[in-house]
Amino acid sequence: MSLCLKNLTVRKLDGSVLFDRLNMTIDSGEVVSLMGPSGCGKSTLLDVIAGHLSEEFTYQGEVVLNQRPLDSVAAHQRKVGILFQDDLLFPHLNIWENLAFALPNTVKGEQRKQQAIEALEQISLSQLAHSYPEQISGGQRARVSLTRMLLAQPEVALLDEPFSKLDKQLRSRFRDWVFEQLKAANVPALMVTHDEQDIPDNSRVLNWPWETSHA
């Protein structure tokens with residue numbers, strides 16, 4: 001599996017260029033980190049890939065996932081998973097229901113609950129199945145949020161500063177766990193971060209103006 005960006009140029013409505021002719025390929029199991037100053041277009045690039053680009057911008061070029069052009073594919077059909085700074089769990093659903101919500105529609109009835117419970121067992125949080133998001137810790141919510149994203153069986157993972165709101169000790173542990181999970185899922189991943197410590201060892205880094213280097 002791979003994500004390919006081909007000659008991607010993003011412009012604002014006034015015609016000014018946010019970034020120009022970006023080319024990048026991310027292979028399965030690889031995490032590429034994207035760094036740069038605020039306003040250079042990091043989150044906008046994630047929006048282009050996910051199909052959520054604001055009307056303030058237009059783009060030219062191609063986004064290709066597993067040899068499938070995404071440019072005319074609706075956001076909900078792109079098979080793009082996103083992990084944000086905030087966990088965005090549904091407050092009115094308990095933890096297993098939050099996980100079950102992400103499962104593909106091919107999983108029916110009681111199987112949805114069973115697979116959600118099994119996923120919680122795999123991350124050692126089965127005791128929280130009937131708790132609500134407000135009743136569990138930030139670190140637990142973060143683990144549930146990543147697991148929910150992976151249960152949707154994405155073909156690419158986008159991470160938008162996913163560790164920035166965690167305290168230092170938890171951040172380090174969760175970061176390592178996230179990269180283990182992404183490697184096991186064997187999907188390409190693109191991560192926006194401002195912190196060099198978030199970058200996986202021996203991985204590619206794109207520093208503004210987005211030239212490749214290695215951590």
Side-chain angles (χ1 to χ4, degrees), residues 1 3 26 28-31 33 46 49-50 52 65-66 75-193 195 197-201 203:
M1 291 195 286
L3 173 70
I26 308 175
S28 56
E30 184 182 17
V31 179
S33 301
L46 299 189
I49 297 167
H52 299 304
L65 179 59
N66 301 331
H76 69 281
Q77 295 176 325
R78 292 192 176 200
K79 297 189 175 180
V80 173
I82 310 176
L83 192 67
F84 295 102
Q85 297 175 26
D86 298 308
D87 53 68
L88 303 183
L89 297 176
F90 299 117
H92 62 289
L93 300 180
N94 66 28
I95 298 306
W96 80 255
E97 289 169 337
N98 262 282
L99 291 180
F101 184 86
L103 289 166
N105 292 334
T106 52
V107 183
K108 305 291 186 184
E110 192 63 23
Q111 281 287 104
R112 298 184 75 81
K113 181 175 183 179
Q114 184 179 335
Q115 288 192 24
I117 297 293
E118 287 172 359
L120 284 170
E121 289 171 356
Q122 289 171 8
I123 60 172
S124 304
L125 292 179
S126 54
Q127 75 278 12
L128 302 180
H130 296 281
S131 301
Y132 285 82
E134 66 187 31
Q135 298 172 317
I136 69 176
S137 73
Q140 290 167 334
R141 287 197 300 272
R143 284 157 71 190
V144 170
S145 185
L146 178 76
T147 302
R148 182 175 70 171
M149 181 186 83
L150 294 176
L151 281 177
Q153 300 176 4
E155 293 182 5
V156 61
L158 306 178
L159 295 84
D160 195 354
E161 297 191 59
F163 315 122
S164 61
K165 291 195 173 180
L166 301 175
D167 66 62
K168 191 172 182 180
Q169 184 180 10
L170 176 61
R171 183 173 181 150
S172 177
R173 287 203 314 270
F174 180 62
R175 184 170 56 218
D176 292 343
W177 182 78
V178 166
F179 295 141
E180 286 172 12
Q181 302 304 308
L182 290 173
K183 189 173 182 179
N186 201 35
V187 296
L190 180 61
M191 177 176 68
V192 166
T193 180
D195 190 336
Q197 290 187 324
D198 286 345
I199 298 167
D201 292 338
S203 68

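Side-chain atoms are counted along with the backbone in the values below, which use heavy atoms only and exclude waters and symmetry mates. Count residues from 1 along the sequence.
For the pair I95/P133, a side-chain contact is recorded, criterion being any heavy-atom separation below 4.5 Å from C-beta on. Between V187 and V156 there is no side-chain heavy-atom pair separated by less than 4.5 Å. Between Q140 and S131 the shortest side-chain heavy-atom distance does not fall below 4.5 Å. Using a 4.5 Å cut-off on side-chain heavy atoms (C-beta onward), V31 and K183 make no contact.
When the options K168, Q197, Q85, R171 are evaluated for a side-chain contact (heavy atoms from CB on, under 4.5 Å) with F163, the one that passes is R171. Looking at D87, L89, L88 one by one, the single match for side-chain contact (heavy atoms from CB on, under 4.5 Å) with N98 turns out to be L89.
Between atom CH2 of residue W177 and atom CG of residue L146 there is a gap of 4.5 Å, rounded to the nearest 0.5 Å. Taken from CD1 in I199 to CZ in R175, the straight-line distance is 10.0 Å, to the nearest 0.5 Å. The line from OG of S145 to CG of L150 is 10.0 Å long, rounded to the nearest 0.5 Å. Atom CE of M149 and atom CZ of F84 lie 10.5 Å apart (nearest 0.5 Å). One distance of note links CD1 of I136 with CD of E134; it measures 10.5 Å at 0.5 Å rounding. With rounding to the nearest 0.5 angstrom, the CD atom of Q153 is 9.5 Å from the CD atom of E155.
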Subject >> Stepwise side chain to side chain contact (heavy atoms under 4.5 Å, CB included) test for L99 and L103 >> reply: CA-CA 7 Å; L99 291 180; L103 289 166; over 6 Å; no
Original post:
Does the side chain to side chain contact (heavy atoms under 4.5 Å, CB included) test come out yes or no for R173 and L166, once each step is laid out?
Top reply: CA-CA 10 Å; R173 287 203 314 270; L166 301 175; over 6 Å; no
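Taking every heavy atom of both residues into account, R112 and A100 meet most closely at NH2-O, 2.7 Å. Counting all heavy atoms, side chain and backbone alike, M1 lies closest to N186 at CE-O, 3.1 Å. What you find for L46 and L159 is that their closest heavy atoms are CD1-O, 4.1 Å. The two atoms that bring L3 and P188 nearest to each other are N-CG, 4.0 Å, heavy atoms only. Annotation for P162 and L83: closest pair CB-CD2, 3.7 Å, computed over non-hydrogen atoms. Residues V80 and I49 come closest through the heavy atom pair CG2-O, 4.0 Å.
Taking a 6.0 Å sphere around CZ of F101, one finds it holds 12 or fewer heavy atoms contributed by other residues, nucleotides or ligands.
No side-chain donor-acceptor contact under 3.5 Å links Q122 and E118.
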